[in-house]
2 protein chains.
Amino acid sequence: MPRHDAESPAYSPKALEIIAHANELIASGGYNGFSYADIAERVAVRKASIHHHFPAKADLVKATVALHRDATRRGLDALDEAVPDAMARLEAYAGFWAQCIEASNPPICICALLAAELPSLPAEVADEVKAHFEALHAWVASVMEEGNSRGSLRLGGTPVAEATAFVASIHGAMLGARAVGDAALFGTIAHQALERFRPR
Amino acid sequence: MPRHDAESPAYSPKALEIIAHANELIASGGYNGFSYADIAERVAVRKASIHHHFPAKADLVKATVALHRDATRRGLDALDEAVPDAMARLEAYAGFWAQCIEASNPPICICALLAAELPSLPAEVADEVKAHFEALHAWVASVMEEGNSRGSLRLGGTPVAEATAFVASIHGAMLGARAVGDAALFGTIAHQALERFRPR
DNA sequence: CATAATCTACCTACCAATAGGTAGGTAATC
DNA sequence: GATTACCTACCTATTGGTAGGTAGATTATG
């Protein structure tokens, strides 16, 4: 899901390597928690060379988020195809994140993290983060609407309202697990969030 | 709730002023999103003078979080006294945050924000954030347990599990509202999170 | 009460390190 | 030859912090 395709046509292999490291560093300390120097030493080129691939920091972080969004979209598309049942699809989505967080790979959704810092982000990055939330809300809502109409899950409100609430639970669960230092807490909360949609 | 008492005995008036500004700056850009220079110009002293009050940045942020925790504890205690009904109490808690977020005062819980950045925080700050989450989980759980046993709210799981899920919803709602640039979204999600506890 | 000592809260000056970035150059590849 | 991807050298600005000093307020002492 957040796994990106190493064959993305828009970036060189080195640029993709830089993005991968930016991803990890953002996931740990947010936008201002890492510098080009950090990336440079991980990628084994000089700091100034990073500018060749990404002229400014905002370019790098925007690209990182955009690639994360691409990967998310492809992952959600794949879920739509592979898992016909709406409830099982949401479970698979939550399960995917539970595995990631348990393995710290990645340890958090970078868009959720950047959302927290949104007011101080460059506008082009903030726009990507906002778009990610909107796309995720829309996907969850469409899954819920489908599931509700087919009886595989049961909504207590509108699909849109329930979807935004579910996404909030997922992201809040990431914060909670991180705060108390218990990765399994994410899975517990996510499972609980899903139970409310279980048909009786 | 996050309003602190201006008569706190441990800090000078100037130190409290510094903390208040640190609070705002953290709420906007997190731990690394502000500097002593930012505080200095807001408080109208030289940057070096801030070190007199807080020798290192970690000291300042730790104190800021600690004061926020004190204020939260007092606010929750006051709620316990003023609102006998458990369901109404949770509603008051959520409503308080809804007002804050609508007024951007404060625009987000700094502990939720710092939780996102936890891996890169100084340990003494991370400990305060963790303790905040644990205390909040405990308070919500106790309110839920009381409400459940009195019939004023209904739990689908254990008080501890439901409390952590509720806190996740609240914090996730903060992220969602911030991400999409719609402060009212917090209140919508929070209200929905509460509805699941409404007795039938 | 007057004076000295101490405390508090600021200042200037300075430091090393870092941050994001520019400019010009080289070598390898196509 | 043009492009790509690196390099060195350098820049300004900023960051968190140290060190020494001053002035006013407060406390202790005779």
Ionic contact status for B:Asp59 with B:Lys62, cut-off 4.0 Å: no
Length of the CG-P vector between A:Asn32 and D:dT14, whole Å: 14 Å
Extract from the structure each pairing of a protein N or O with an N or O of nucleotides 1-5 of chain D at less than 3.5 Å, listing the distance.
none

Aromatic plane relationship, A:Phe197 with A:Phe166 - under 30° parallel, 30 to 60° tilted, over 60° perpendicular: perpendicular
Donor + acceptor pair across side chains of A:Ser28, B:Ser120 (<3.5 Å): no
Main-chain N/O of B:Ala63 paired with B:Tyr11 side-chain donor or acceptor, under 3.5 Å: no
Return all side-chain donor-acceptor pairs below 3.5 angstrom for residues 107-119 of chain A, not counting sequence neighbours, or 'none' if the list is empty.
{"residue": "A:Glu117", "atom": "OE1", "partner": "A:Tyr31", "partner atom": "N", "Å": "2.9"}

Salt bridge (charged side-chain N to carboxylate O under 4.0 Å, His left out): pairs with one or both residues in residues 138-153 of chain A, sequence neighbours excluded: A:Arg89-A:Glu146, A:Glu146-A:Arg150
Salt-bridge present (A:Arg73, A:Asp70; N to O < 4.0 Å): yes
Gap between atoms CZ and P, on B:Arg46 and D:dT15 respectively (whole Å): 15 Å
Any donor-acceptor pair under 3.5 Å from B:Ser104 side chain to B:Cys100 backbone: no
Reading 5' to 3' through nucleotides 15-30 of chain C, protein heavy-atom contacts under 4.0 Å coded B for base, S for sugar-phosphate only, - for none: ----SBBB--------
Partner residues of A:Glu24 under the side chain to side chain donor-acceptor pair (under 3.5 Å) criterion, sequence neighbours left out: A:Arg42
Salt bridge flag under 4.0 Å for residues B:Glu91 and B:Arg198: yes
Proximity to DNA chain C (any heavy atom under 4.0 Å), residues of residues 118-126 of chain B only: none
B:Ser49 side chain near C:dC11 phosphate (N/O to OP1/OP2, under 4.0 Å): yes
